[in-house]
Student: 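So that we are looking at the same thing, I have put the structure below in structure tokens.
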Amino acid sequence: MRGSSRVATGIFLLCLIMAIGVALRLHGVAFGLPALYDPDEPIFILSALKLLRDHTLNPAWFGHPGTTTIYSLAVIDIGMYFFGHLAGYFADVKEFGQAVYADPGLIILPGRLFMVLCGVICVGLTYVVGRMVANDRVGLFAALLIAVNPLHVQYSQVIRTDVHATVFMLLCVIFSLRIAKTGQVRDCVGAAICVGLAGATKWPALSFLACPVAAIIMHLQYRRWPILRDRRLWIIVVGSLIALIASSPYLLLDYKTVLSNLHGEGRPEHLGATGHGLFNNLIWYIRKPITESFGVLGLVAILIGLISLVWESRAVRTIIAPACLVFLIGLCTQALVWERWIVPLIPFFALAAGAGITRLVSVSSTYLGTKSRIVIETLICIGLATPMVLTAETRSAERTNDTRAIASNWVRKNIPHGRSIVLEHAAIDLLGGQWRFLFPLGAIGCVDVDAALKGKIRYSKVETARAGKSVVDLGNVNPAKIDSCRGDFAIFTNYDRYESDPHHYAVELKIYNDLIKGATPLAEFKPEPGISSGPIVRIFKLRAAPGAT
């Protein structure tokens, strides 16, 4: 009777935790729409639309590689068109495409909801892993910490590959833990499929091939024959490769584009994200995304739990820890640092924190008595989770009040209709014919936004025009084409980022300063902690220039 009651309690708590995770991820999920503030969301929506428009399975972009994400979005787009067509909103695919280009929110919001679903699945899978390597308590604590983790919440609200890949990585770990225990072929096949899908979503996730390989080695520890003779190892290795190619066939069929995209992703520097070597990058990840999302107390719990798990659980130190370590080292050896790159490891940090909490509770109850266990657990969970929830809610509120949205409101009130505006971000909320927008597109100069959207601009053209540059903005426009950017007004979102490092970005700053020479500053919008987020936005009235286009 007591056992069934304990199971029922565990199920109730897990459902409650997942409900909290859903609520946090849904709050503010439509931020910015119809404007697009995340620089990578357009990549995925344009690539998915390309599949439908050109009747092809070739995304023609493999930077992450992101194929599974693009295919998932294409399926969502098909569903949106199908139900919209049945309801009479779209007469045909062409009309659906026109509606999407006029308001990307039509497919962006469903895509974000798919990412919310992936984020919540991560919560459940983290519980399963915690239960398998330790116990229900560790699983529940870990599920709670990932459910409320502000960084995980944030990237569960944007269309990117990080959270999507995490789902496959966690499934791979679950299959691997089962392999270590039973060695069944079906689990080897499942792990191989998950490795392939994870790699087709995000390249670094291929490091989790180490999990099932280590699991089969662990399972065969007392066998006499060499591991290379065991067919299950080859099922895992060859099966992972087959799953990768099957889920993203154009990695082979369009390998030239793959190599080109990988070269672009491997750029040595990026505005505001250039790293400083393995050790400094590791310190940055610990100090910034990990500590800021888990808190100092959470970091302490992670360290305690990590030592505890590695010491007590052979499965953790043999199967999970090596793959996570390879993943982390891979990130830290990169030339760039991004907080989103650490997102796939958040469930594993949450597992360590969960183990740390149980260790702290165990030590405390030794001195205070076992009857105090529930009280101690509750206090520790409240102490860790409350700041994370508040941070997640604050960041959601800030995202819904972006400086670019504030700038758009200012434009509506202060810039007369019919004027031309140079614009650096996807302010689709300002489209509609009142103004003529010029968007900087690298080698080809500034393009007329309305004409480009009517022509269904392809991302391949954007990639060609940006010529390997990390950012699409005025600073990367071909100086010979700067006259194409001479409008009546200009809205800059990257100027201050360049100005903060004038020695490194002297060329880019000169392009800005040449354009705004003699211009009149009109407005400036800065992010305010707890109120708004986004870049510093500056609006100028440009000096009239004869012959400007």
Side-chain angles (χ1 to χ4, degrees), residues 10 122 124-143 145-146 166 168-192 194-195 198 205-237 239-240 300-330 344-363 366:
C122 287
L125 294 178
T126 300
Y127 163 77
V128 173
V129 175
R131 182 180 180 184
M132 293 178 75
V133 299
N135 51 55
D136 281 347
R137 274 190 164 84
V138 171
L140 288 171
F141 289 144
L145 294 179
I146 189 175
T166 307
F168 300 126
M169 292 163 66
L170 286 168
L171 285 171
C172 173
V173 169
I174 291 171
F175 279 116
S176 299
L177 293 171
R178 292 174 60 174
I179 291 170
K181 187 175 182 179
T182 65
Q184 292 188 10
V185 171
R186 65 183 183 186
D187 292 325
C188 296
V189 173
C194 290
V195 170
L206 288 171
S207 63
F208 270 62
L209 174 61
C211 291
V213 170
I216 200 66
I217 293 174
M218 183 175 170
H219 179 71
L220 293 174
Q221 60 177 325
Y222 299 117
R223 304 297 179 87
R224 294 181 179 179
W225 57 77
I227 186 173
L228 292 178
R229 292 174 54 186
D230 193 290
R231 66 188 179 97
R232 289 169 296 186
L233 176 66
W234 295 106
I235 288 174
I236 291 169
V237 175
S240 297
V300 172
I302 289 172
L303 294 175
I304 294 173
L306 187 60
I307 295 171
S308 175
L309 283 175
V310 171
W311 181 263
E312 297 176 357
S313 173
R314 187 178 182 190
V316 170
R317 64 176 177 266
T318 304
I319 298 173
I320 301 178
C324 291
L325 185 60
V326 170
F327 191 98
L328 181 60
I329 292 175
L345 292 184
I346 287 180
F348 303 100
F349 289 124
L351 284 168
I357 292 173
T358 58
R359 175 59 62 184
L360 290 171
V361 171
S362 178
V363 172
T366 301

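A quick note: this is a predicted structure, and the numbers were derived from the prediction, not measured.
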Student: Report yes or no: does Ser176 contribute a side-chain atom to a donor-acceptor pair with the main-chain N or O of Cys172 at less than 3.5 Å?
Tutor: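 Yes: the side chain of Ser176 pairs with the backbone of Cys172.
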Student: Could you grab the distance from atom CD1 of Ile146 to atom SG of Cys122, nearest 0.5 Å is fine?
Tutor: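 Rounded to the nearest 0.5 Å, the CD1-SG separation comes out at 5.5 Å.
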Student: Measure across Ala214 and Ile319 and return the closest heavy-atom pair with its distance rounded to 0.1 Å.
Tutor: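 For Ala214 and Ile319, the tightest heavy-atom pair comes out as CB-CA, 4.2 Å.
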Student: Are Tyr127 and Asp136 close enough, and set up right, to give a side chain to side chain contact (heavy atoms under 4.5 Å, CB included), and what steps lead you there?
Tutor: CA-CA 8 Å; Tyr127 163 77; Asp136 281 347; 3.3 Å; yes
Student: Nearest 0.5 angstrom please: Ile236 CD1 to Leu209 CG, how far?
Tutor: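 One gets 8.0 Å once the value is rounded to the nearest 0.5 Å.
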Student: Ignoring hydrogens and angles, tell me if any N or O in the side chain of Arg317 forms a donor-acceptor pair with the backbone of Trp311 under 3.5 Å.
Tutor: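 Checking the backbone N and O of Trp311 against the side chain of Arg317, a donor-acceptor pair under 3.5 Å is found.
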Student: Between Gly183 and Arg232, which heavy-atom pair has the shortest distance, and what is it?
Tutor: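 Shortest heavy-atom contact: O-NH1, 2.7 Å.
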Student: Would you compute the distance between atom CG of Leu125 and atom CZ of Phe168 and round it to the nearest 0.5 angstrom?
Tutor: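 That separation rounds to 11.0 Å.
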Student: Using the six-membered ring wherever Trp is involved, compare the ring planes of Phe327 and Phe208 and label them parallel, tilted or perpendicular (cut-offs 30° and 60°).
Tutor: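 The arrangement is perpendicular - the two ring planes meet at more than 60°.
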Student: Rounded to the nearest 0.5 Å, how far apart are CD1 of Ile217 and CG of Asp230?
Tutor: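 Going from CD1 on Ile217 over to CG on Asp230, the span is 10.5 Å.
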Student: Under the 3.5 angstrom rule, does the side chain of Thr182 hit a backbone N or O of Arg178 as a donor-acceptor pair?
Tutor: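 Checked: pair present.
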Student: Which pair of non-hydrogen atoms, one from Leu309 and one from Ala355, has the smallest distance, and what is that distance?
Tutor: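 It is CG-CB, 3.5 Å.
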Student: For Ile357 versus Leu145, what's the shortest heavy-atom pair and its separation?
Tutor: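 Nearest pair, atom of Ile357 first, then Leu145: CD1-CD1, 4.2 Å.
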Student: To the nearest 0.5 Å, what is the distance between CE (Met169) and CD1 (Ile174)?
Tutor: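 So the CE of Met169 and the CD1 of Ile174 are separated by 12.5 Å.
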Student: Looking at OG1 of Thr166 and CD1 of Ile346, how far apart are the two atoms once the value is rounded to the nearest 0.5 Å?
Tutor: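 Thr166 atom OG1 to Ile346 atom CD1 measures 8.0 Å (nearest 0.5 Å).
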Student: Testing Ile302, Leu328, Ile320 one by one against Phe348 for a side chain to side chain contact (heavy atoms under 4.5 Å, CB included), which residue passes?
Tutor: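 Going through Ile302, Leu328, Ile320 one by one, the side chain to side chain contact (heavy atoms under 4.5 Å, CB included) with Phe348 is satisfied by Ile320 alone.
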Student: If every non-hydrogen atom of Ile216 is compared with every non-hydrogen atom of Leu233, which pair is closest and at what distance?
Tutor: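 It is CG2-CD1, 4.0 Å.
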Student: What residue pairs, at least two apart or across chains, pass salt bridge (charged side-chain N to carboxylate O under 4.0 Å, His left out) with a residue in residues 352-362?
Tutor: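 Counting only pairs at least two positions apart or across chains, the salt bridge (charged side-chain N to carboxylate O under 4.0 Å, His left out) contacts touching residues 352-362 are Glu312-Arg359.
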Student: Please report the closest heavy-atom contact between Arg137 and Thr358, naming both atoms and the distance.
Tutor: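 Minimum heavy-atom contact is CB-CG2, 4.0 Å.
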Student: Going through the checks in order, is the side chain to side chain contact (heavy atoms under 4.5 Å, CB included) test met by Met132 and Val173?
Tutor: CA-CA 10 Å; Met132 293 178 75; Val173 169; over 6 Å; no
